[in-house]
Protein chains: 2
Amino acid sequence: MARKYGTDPICSLDYAFQRIGGKYKGRILWHLHIRDVLRYGELRKILDDITPKMLTQSLRELEEDMLIHREVYLEVPPKVEYSLTKVGKELVPFLHHLKDWGAKQIRKEKLKPMKVQS
Amino acid sequence: MARKYGTDPICSLDYAFQRIGGKYKGRILWHLHIRDVLRYGELRKILDDITPKMLTQSLRELEEDMLIHREVYLEVPPKVEYSLTKVGKELVPFLHHLKDWGAKQIRKEKLKPMKVQS
DNA sequence: CCGTATCCCCAGCGATACTG
DNA sequence: CAGTATCGCTGGGGATACGG
């Protein structure tokens with residue numbers, strides 16, 4: 001394999017986007033920040049638009065990039081917990097900022113449709 | 001059309017990622033921050049791995065989302081300048097920190113290949 | 001409960017040529 | 001100079017079924 005990402009990163013910004021880009025990674029990191037520790041099934045419920053395949057895939061890549069930690073408990077029934085690593089936690093302020101920015105834009109959009117009026 | 005993005009955003013974080021995600025948008029915003037104003041041809045040179053199609057497409061979407069401003073000068077030869085809007089500038093701290101984070105990870109990776117040694 | 005294994009689709013991206 | 005127009009590809013993502 002040797003190529004996890006489509007292309008080599010052009011710069012550090014590119015590098016960062018390759019790691020936290022994708023459809024679900026931002027939200028996964030965010031919820032792990034909010035709840036601190038989450039089990040596989042909990043993540044699946046929270047991100048209720050995700051398939052098991054995509055969830056596993058996203059989690060594996062985040063783990064490989066050292067952004068999250070995976071703790072397996074050898075029990076019956078099995079139990080697996082995910083949490084942010086130190087490196088992953090360093091991204092929290094930025095996710096927060098980005099989230100606030102997004103919320104602000106959404107609020108603005110909601111006020112716009114008034115454009116078409118007499 | 002009516003659907004510029006594949007899916008409706010699930011939350012504000014999702015919303016934000018839909019706007020600045022994609023392969024080039026982050027870098028475009030970043031360079032507009034650094035250089036303040038850039039012409040089409042200048043952007044094309046700086047992002048030297050981009051095709052005119054992708055550059056135009058990215059710029060149009062960023063403009064539609066009010067993150068950048070497009071100023072056309074009716075001259076011969078034609079001249080078009082791009083710059084960040086107020087809303088776009090609000091993303092700069094985020095991009096800055098994300099870039100620093102990326103740079104830090106890259107530095108770490110460079111020290112790792114020592115793993116395979118006697 | 002926590003995942004794999006398959007198969008498939010499509011939107012994002014790329015290459016190239018052309019134009020006001 | 002600053003873009004369009006066309007066509008083609010490919011890998012990220014989706015649906016569904018199954019396994020330890």
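Throughout, protein chains are lettered first and strands after them, A, B, ... in sequence-line order, and every chain is numbered starting at 1.
The side-chain contact (heavy atoms from CB on, under 4.5 Å) search around B:Arg60 returns B:Thr56, B:Glu63, B:Arg70, B:Tyr82, not counting sequence neighbours. For A:Pro52, the side-chain contact (heavy atoms from CB on, under 4.5 Å) partners two or more places apart in sequence, or in a different chain, are A:Tyr40, A:Arg44. For B:His97, the side-chain contact (heavy atoms from CB on, under 4.5 Å) partners are A:Phe94, not counting sequence neighbours. Residues meeting the side-chain contact (heavy atoms from CB on, under 4.5 Å) test with A:Lys89, sequence neighbours left out: A:Leu84.
Sorted by first and then second residue, the side chain to side chain donor-acceptor pair (under 3.5 Å) pairs involving residues 26-37 of chain B (not counting sequence neighbours) are B:Arg27-B:Asp49. Pairs of residues two or more places apart, or lying in two chains, that qualify as salt bridge (Lys or Arg N to Asp or Glu O under 4.0 Å) and include a residue from residues 94-104 of chain B are A:Glu90-B:Lys104.
Atoms CZ (B:Arg70) and P (D:dC1) sit 16 Å apart, rounded to a whole Å. Rounded to whole Å, atom P of D:dA2 lies 15 Å from atom CD of B:Glu63. Separating the CD atom of B:Glu81 from the P atom of D:dC1 is a distance of 14 Å, rounded to the nearest angstrom. The distance between atom CZ of B:Arg44 and atom P of C:dA15, rounded to the nearest whole Å, is 13 Å. Separating the CG atom of A:Leu59 from the P atom of C:dC2 is a distance of 11 Å, rounded to the nearest angstrom. Nucleotide D:dG14 holds its C1' atom 15 Å from the CG atom of A:Leu47, rounded to whole Å. Atom-to-atom, CD of B:Glu75 to C1' of D:dC1 comes out at 11 Å; the value is rounded to the nearest Å. Protein atom NZ of A:Lys25 is 11 Å distant from nucleotide atom C1' of D:dG12, rounded to whole Å.
Closest to the side chain of B:Thr51, from the set C:dT4, C:dG14, D:dA2, is C:dG14. Side-chain proximity of A:Tyr82 to D:dA2, C:dG3, D:dG14: nearest is C:dG3. The listed nucleotides are D:dA15, D:dC1, C:dC1; the one nearest the side chain of A:Pro78 is C:dC1. Nearest to the side chain of A:Arg60, among D:dT4, C:dT4, D:dA15, sits C:dT4.
B:Tyr73 comes within 4.0 angstrom of nothing in the nucleic acid, heavy atoms only.
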Please list, one pair per line, the donor and acceptor atoms closer than 3.5 Å that link side chains of residues 73-81 of chain B to other protein atoms, with sequence neighbours excluded.
| residue | atom | partner | partner atom | Å |
| --- | --- | --- | --- | --- |
| B:Tyr73 | OH | B:Glu81 | OE1 | 3.1 |

Check residues 14-23 of chain A and write down every donor-acceptor pair under 3.5 Å in which the side-chain atom is one partner and the other belongs to a residue at least two apart or another chain.
| residue | atom | partner | partner atom | Å |
| --- | --- | --- | --- | --- |
| A:Asp14 | OD2 | A:Ile10 | N | 2.8 |
| A:Tyr15 | OH | A:Arg19 | NE | 3.3 |
| A:Tyr15 | OH | B:Glu109 | OE2 | 2.8 |
| A:Gln18 | NE2 | A:Thr7 | O | 3.0 |
| A:Arg19 | NH1 | A:Tyr15 | O | 3.2 |

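The two atoms that bring A:Leu55 and A:Leu47 nearest to each other are CD1-CD1, 4.3 Å, heavy atoms only.
Counting only heavy atoms from C-beta outward, the side chains of B:Lys110 and B:Ile106 approach each other to under 4.5 Å. Taking 4.5 Å as the limit, every side-chain heavy atom of A:Ile46 sits out of range of all side-chain heavy atoms of A:Ile28. Side-chain contact between A:Val87 and B:Lys108 is present, with at least one heavy-atom pair separated by less than 4.5 Å.
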- List the protein contact pattern of nucleotides 7-12 of chain C with one symbol per nucleotide (5' to 3'): B for base contact, S for sugar-phosphate-only contact, - for none; contact means a heavy-atom distance under 4.0 Å. ------
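The backbone N or O of B:Met66 lies less than 3.5 Å from a partner atom in the side chain of B:Thr85, making a donor-acceptor pair. Looking only at distances, no side-chain donor or acceptor of B:Glu61 sits under 3.5 Å from a matching main-chain atom of B:Ser58.
The stretch residues 27-43 of chain A touches DNA chain C through A:Arg39, A:Tyr40, A:Gly41, each having a heavy atom within less than 4.0 Å of the strand. Non-hydrogen atoms lying under 4.0 Å from DNA chain C are contributed by nothing in residues 10-20 of chain B.
Each end of the helix from C:dC1-D:dG20 to C:dG20-D:dC1 gets its own rotation axis from five pairs of C1' atoms, and the angle between them is 60° to the nearest 10 degrees.
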